[in-house]
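The sequence lines fix the lettering, A, B, ..., with proteins before strands; numbering per chain opens at 1.
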2 protein chains.
Amino acid sequence: MLAIGTLARRTGTKVQTIRYYEQIGLMPEPGRTAGGQRRYGEAELDRLAFIRHARQLGFTLEAIRELLDLSDHPEKSCQEADQIAGRQLRQVELRMARLEALRTELERMVHECSGGNTADCRVLEVLRDHSECLTAHDEIGA
Amino acid sequence: MLAIGTLARRTGTKVQTIRYYEQIGLMPEPGRTAGGQRRYGEAELDRLAFIRHARQLGFTLEAIRELLDLSDHPEKSCQEADQIAGRQLRQVELRMARLEALRTELERMVHECSGGNTADCRVLEVLRDHSECLTAHDEIGA
DNA sequence: CCATATTCTACAGTGACTGTAGATTTGGAG
DNA sequence: CTCCAAATCTACAGTCACTGTAGAATATGG
């Protein structure tokens, strides 16, 4: 029987995060000791590891909820899981493309800055005038 | 004199976002009509455009606050602005490296999925067992 | 003058946690 | 068995950068 702290250490999760997952229904309500502390088994450890790994791959908790549901029903078609992963892949590719545009622009800003005073700072100048940008970077939160 | 909606349209910002920027002190309190509606001038338009552009480049509002402060004092050294931009560049590069690792892993997952049922779905299998990953992807929120 | 569009304030909600306060429980040493 | 420090408990507020909502007031064109 594993205490919540052990589970946390083994999966690289904060204790509060585990309780949060329980609260939103991603993790099941575990058994309790007489004193009211949570005790977990191996199944819960595996489930939490699954969740954390999916988070590391950038899946949202909603997507993870679906993946866990699929994983709980081995007779269901794999197609859905494949679609979720495919969607995630396309999102990652999109974010990379956007970041690439940002990188180019930032590099240019930094390299062109000659180090005088802010009156003719290249960094600030580019920020002031969008038309100086070579690449398009229209979305926020890329 | 520009109404808040005009400012919003011209800069691609939501009206509430402009009020939010005012609330946190990023935008100044503008003049008001007799009826209490906000009216802006060109200076505010420029300032908002600066903010939005910096947001598109991924700067946090805190970094933008510093950049605006530097921009307001043309006699200060450019060095600080350069450092902020450099920091942002390194962050973007880090995020790109992480996303690259994710992309590799997701691609592998999706391509190896043969389309049976979830019992032997490659996507779910990889999520279940971290050791199957070829690349390291340790940080969440990359 | 009136209808419609815009703006106002104030507050709650988002996602995915993280942090805090104050009380209780647990596990091991003596 | 007693004591103590570490871990855990609940409940709630805070983070970031917005976004959405309700209900009232204001502005504008016909």
Side-chain angles (χ1 to χ4, degrees), chain A residues 1-27 29-40 44 48 50-68 87-88 91 95 98 102 138-142, chain B residues 1-27 29-40 44 48 50-68 88 91 95 98 138-142:
Chain A
M1 284 300 150
L2 311 164
I4 196 169
T6 314
L7 211 65
R9 230 170 301 114
R10 292 247 193 111
T11 56
T13 316
K14 298 247 152 112
V15 165
Q16 294 107 300
T17 304
I18 300 177
R19 289 198 281 248
Y20 167 70
Y21 288 161
E22 180 184 328
Q23 193 188 308
I24 62 169
L26 261 190
M27 286 292 285
E29 290 187 22
R32 302 271 186 152
T33 64
Q37 298 195 354
R38 292 168 178 81
R39 287 301 118 100
Y40 298 91
E44 280 99 334
L48 183 56
F50 184 107
I51 294 171
R52 296 309 283 178
H53 193 189
R55 283 295 294 134
Q56 282 167 4
L57 286 167
F59 289 92
T60 65
L61 293 184
E62 251 331 284
I64 294 172
R65 204 187 287 278
E66 292 179 63
L67 288 168
L68 280 167
R87 227 156 48 212
Q88 177 62 17
Q91 262 191 27
R95 280 166 71 196
R98 288 198 191 134
L102 298 197
D138 290 331
E139 304 277 336
I140 279 184
Chain B
M1 284 300 152
L2 311 164
I4 197 169
T6 313
L7 213 63
R9 232 171 299 116
R10 292 247 193 112
T11 55
T13 316
K14 298 246 153 116
V15 166
Q16 294 106 301
T17 304
I18 300 177
R19 288 199 282 248
Y20 167 71
Y21 287 160
E22 180 185 328
Q23 193 188 308
I24 62 170
L26 217 52
M27 286 292 286
E29 291 187 22
R32 301 270 186 152
T33 64
Q37 298 196 355
R38 291 166 179 81
R39 287 300 118 103
Y40 297 92
E44 281 99 332
L48 183 55
F50 183 106
I51 295 171
R52 296 310 283 177
H53 192 188
R55 283 295 294 134
Q56 282 166 4
L57 285 167
F59 290 93
T60 64
L61 292 183
E62 252 331 284
I64 293 171
R65 204 185 288 278
E66 292 179 63
L67 289 168
L68 279 168
Q88 178 62 16
Q91 263 191 28
R95 280 167 73 196
R98 289 199 191 133
D138 289 332
E139 303 278 336
I140 279 184

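When every heavy atom of A/Leu57 is checked against every heavy atom of A/Gln88, the shortest pair comes out as O-NE2, 3.0 Å. Contact detail for A/Glu66 and A/Arg87: the closest heavy-atom pair is OE2-NH2, 4.1 Å. Shown here for A/Arg38 and A/Tyr40, the closest heavy-atom pair between the two residues is CD-OH, 3.2 Å.
Each of D/dA27, C/dA16, D/dA17 was ranked by its minimum atom distance to the side chain of B/Thr60; first place goes to D/dA17. For B/Tyr21, the listed nucleotide lying nearest its side chain is D/dC18; candidates were C/dC17, D/dC18, C/dT26. For B/Gln16, taking side-chain heavy atoms from C-beta onward, the closest of the listed nucleotides D/dA17, D/dT8, D/dT21 is D/dT21. In this structure, the nucleotide among C/dT18, C/dC17, C/dC8 sitting nearest to the side chain of A/Lys14 is C/dT18. The side chain of A/Tyr20 approaches C/dC17 more closely than any other nucleotide in the set C/dT7, D/dC9, C/dC17. Checked against C/dT25, D/dC18, D/dC9, the side chain of B/Arg55 finds its nearest nucleotide in D/dC18.
Rounding to whole angstrom units, CZ of residue B/Arg52 and P of D/dA17 are separated by 11 Å. Atom CD of A/Gln37 and atom P of C/dT26 are 5 Å apart (whole Å). If you measure from atom CD1 of A/Ile18 to atom C1' of D/dT10, you get 16 Å, rounded to the nearest angstrom. Between the CD1 atom of B/Ile4 and the P atom of D/dT19 there is a distance of 14 Å, rounded to whole Å. Here the P atom of nucleotide C/dC17 and the CG atom of A/Leu26 are 9 Å apart, to the nearest Å. Summarising the geometry, the separation between CD on A/Glu22 and P on D/dT8 is reported as 14 Å, rounded to the nearest angstrom. When the C1' atom of C/dC8 is taken as reference, atom OH of B/Tyr40 falls 12 Å away, rounded to whole Å. Straight-line distance from the CD1 atom of A/Ile64 to the P atom of C/dG15: 13 Å, rounded to whole Å.
Side-chain nitrogen and oxygen atoms of B/Arg19 include none within less than 4.0 Å of the OP1 or OP2 phosphate oxygen of D/dA17.
Between B/Ala34 and B/Thr17, the residue anchored nearer the 5' end of DNA chain D, judged by the nucleotide with its closest heavy atom, is B/Thr17. DNA chain D is contacted by both A/Gly5 and B/Glu62; A/Gly5 maps to the nucleotide lying nearer its 5′ end (nearest heavy atom per residue).
Within the 4.0 angstrom heavy-atom criterion, only backbone atoms of the sugar-phosphate kind lie near A/Arg32; the bases stay farther away. Residue contacts shown for B/Arg38 are limited to sugar-phosphate atoms, with no base heavy atom under 4.0 Å away.
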*Trace of the salt bridge (Lys or Arg N to Asp or Glu O under 4.0 Å) decision for A/Glu22 with A/Arg19*: CA-CA 5 Å; A/Glu22 180 184 328; A/Arg19 289 198 281 248; over 6 Å; no
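Shown are B/Ile4, B/Leu48, B/Leu7; of these, the side chain to side chain contact (heavy atoms under 4.5 Å, CB included) with B/Thr13 is made only by B/Leu48.
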